[in-house]
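Because only heavy atoms are used, hydrogens play no part in the values below, and waters and symmetry mates are left out as well, while side chains stay in.
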Amino acid sequence: MEQKTALKQLEFMEKKTRKMRLAAEEWKTNFQTLIAIILSARTRDETTIFVCKKLFEKYPTPNKLASANPSEIEKTIKPINFFRNKAKNIVVCSKHIVSSHKGQVPLNFDELIKLGGVGRKTANVFLSEVKHENAGIGVDTHVSYISQKLGWTKNTNPEKIEEDLKKLFEKRYWSRVNPALVRFG
């Protein structure tokens, strides 16, 4: 696949889906952005946005969420897929942010993936959303499927797909890949 062709495909997807809000976008703080990304896995963005608005009314900061009872969080986030596991993860994540990072979400990939509920995809999407210079490409089911269909990669392993996409696109385009493919998917 030529980079020029892939870039035209990326721009086409962006143009077709420009007005759609993703779960990672438009939150007041980095903490809220991270929690929304964690909750968005395997859940429609519309649902995640609705649930996060309710969640952040009650628990807008890491301190408040860290002191919450996971069963109370479950009630708030029940429309989210895997809500019980995610409730535990976001409380553990918040406690780690409070205890190890003075209440601030780390902007370091290696520190992010130590947080509950944060894996490679979530860390990369978060770093891209906060415009961090060391952001990679978040590979989720949409990115995996569409990049294979378009011939951007032949791999099925998310890390190998990320490597292929990083070779295909210049770094200045990396933060655009996940949002474009998620919106399009």
Side-chain angles (χ1 to χ4, degrees), residues 1-18 20-27 30-45 48-49 52 80-82 85-86 89-90 92-93 96-97 100-101 104-185:
M1 168 69 59
E2 287 184 31
Q3 182 186 41
K4 186 177 179 181
T5 302
L7 193 52
K8 284 183 181 180
Q9 292 169 326
L10 180 67
E11 289 170 347
F12 172 81
M13 287 183 275
E14 288 175 324
K15 184 178 179 185
K16 289 291 183 186
T17 61
R18 201 166 277 160
M20 183 181 177
R21 179 182 174 193
L22 298 178
E25 300 172 330
E26 301 179 27
W27 299 104
N30 286 353
F31 171 72
Q32 291 177 356
T33 300
L34 179 64
I35 297 302
I37 295 167
I38 293 170
L39 294 178
S40 72
R42 304 286 181 136
T43 301
R44 295 184 54 83
D45 288 291
T48 304
I49 292 165
C52 284
I80 299 279
N81 288 327
F82 313 110
N85 193 40
K86 289 179 182 179
N89 281 338
I90 63 174
V92 168
C93 176
H96 192 142
I97 289 169
S100 299
H101 301 285
Q104 298 298 312
V105 178
L107 297 176
N108 172 290
F109 181 87
D110 293 327
E111 291 299 315
L112 282 165
I113 61 173
K114 291 177 185 176
L115 300 173
V118 179
R120 183 171 196 84
K121 185 269 301 190
T122 298
N124 279 326
V125 171
F126 172 77
L127 290 171
S128 287
E129 188 59 32
V130 300
K131 312 287 189 251
H132 194 275
E133 63 191 34
N134 291 324
I137 299 173
V139 177
D140 60 7
T141 54
H142 298 289
V143 174
S144 176
Y145 179 78
I146 294 171
S147 63
Q148 290 170 49
K149 283 290 183 192
L150 293 174
W152 293 358
T153 184
K154 291 180 181 171
N155 286 300
T156 57
N157 176 291
E159 286 190 45
K160 293 195 182 295
I161 293 170
E162 182 183 355
E163 289 173 24
D164 290 344
L165 297 178
K166 284 179 171 181
K167 290 175 189 169
L168 181 60
F169 292 99
E170 294 176 33
K171 188 171 183 169
R172 64 189 167 127
Y173 297 109
W174 293 359
S175 65
R176 293 170 50 187
V177 173
N178 179 280
L181 274 63
V182 169
R183 281 187 179 99
F184 195 76

Not counting sequence neighbours, which residues clear side chain to side chain donor-acceptor pair (under 3.5 Å) with [X]? List them please.
X: R18; result: none
X: R42; result: none
X: E25; result: R183

Is there side-chain contact between [X] and [Y], with at least one heavy-atom pair below 4.5 Å?
X: V182; Y: D45; value: yes
X: V92; Y: H96; value: no
X: N178; Y: N124; value: no
X: F126; Y: N30; value: yes
X: L10; Y: L181; value: yes
X: T43; Y: K86; value: yes
X: T48; Y: R44; value: no
X: F109; Y: N134; value: no

### Message
One thing to verify: whether R120 and E162 come together as a salt bridge, which I'm taking to mean a side-chain N less than 4.0 angstrom from a carboxylate O.
### Response
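So E162 pairs with R120 through a salt bridge.
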### Query
Does the pair E2/K4 count as a salt bridge with the N-to-O cut at 4.0 Å?
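Looking at K4 together with E2, the answer is no, because their closest N to O distance does not fall below 4.0 Å.
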### Message
Apply side-chain contact (heavy atoms from CB on, under 4.5 Å) to residues W174 and S128 and explain how you reach the verdict.
### Response
CA-CA 8 Å; W174 293 359; S128 287; 5.9 Å; no
Looking at [X] and [Y], would you say the former's side chain and the latter's main chain have a donor-acceptor pair under 3.5 Å?
X: N155; Y: N157; value: no
X: K121; Y: A41; value: no
X: Q3; Y: L168; value: yes

### Task
For E129, check salt bridge (charged side-chain N to carboxylate O under 4.0 Å, His left out) against everything at least two apart and list the hits.
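In terms of salt bridge (charged side-chain N to carboxylate O under 4.0 Å, His left out), with neighbours along the sequence ignored, E129 is linked to no residue.
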### Query
Who pairs with K8 by salt bridge (charged side-chain N to carboxylate O under 4.0 Å, His left out), at least two apart in sequence or on another chain?
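K8 satisfies salt bridge (charged side-chain N to carboxylate O under 4.0 Å, His left out) with no residue once adjacent residues are dropped.
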### Ring geometry between F169 and W152 (parallel below 30°, tilted from 30 to 60°, perpendicular above 60°)
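Judged by the thresholds at 30° and 60°, the geometry between W152 and F169 is perpendicular.
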### Nearest-0.5 Å distance, CD1 of residue I49 to OG of residue S40
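So the CD1 of I49 and the OG of S40 are separated by 9.5 Å.
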### Derivation and outcome, side-chain contact (heavy atoms from CB on, under 4.5 Å), residues T122 and L112
CA-CA 9 Å; T122 298; L112 282 165; over 6 Å; no
#### Entry: Sole residue of L115, L34, I113, V118 in side chain to side chain contact (heavy atoms under 4.5 Å, CB included) with P106
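That would be L115; it is the only one of L115, L34, I113, V118 passing the side chain to side chain contact (heavy atoms under 4.5 Å, CB included) with P106.
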### Task
Check step by step if side-chain contact (heavy atoms from CB on, under 4.5 Å) holds for K114 and E111.
CA-CA 5 Å; K114 291 177 185 176; E111 291 299 315; 3.1 Å; yes
### Query
salt bridge (Lys or Arg N to Asp or Glu O under 4.0 Å) with E170: which of K167, R172, K166?
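The option that passes is R172.
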Atom pairs and distances, side-chain donor-acceptor, residues 138-146, under 3.5 Å, sequence neighbours left out:
{"residue": "D140", "atom": "OD1", "partner": "H142", "partner atom": "N", "Å": "3.1"}
{"residue": "D140", "atom": "OD1", "partner": "V143", "partner atom": "N", "Å": "2.9"}
{"residue": "S144", "atom": "OG", "partner": "Q148", "partner atom": "NE2", "Å": "2.8"}

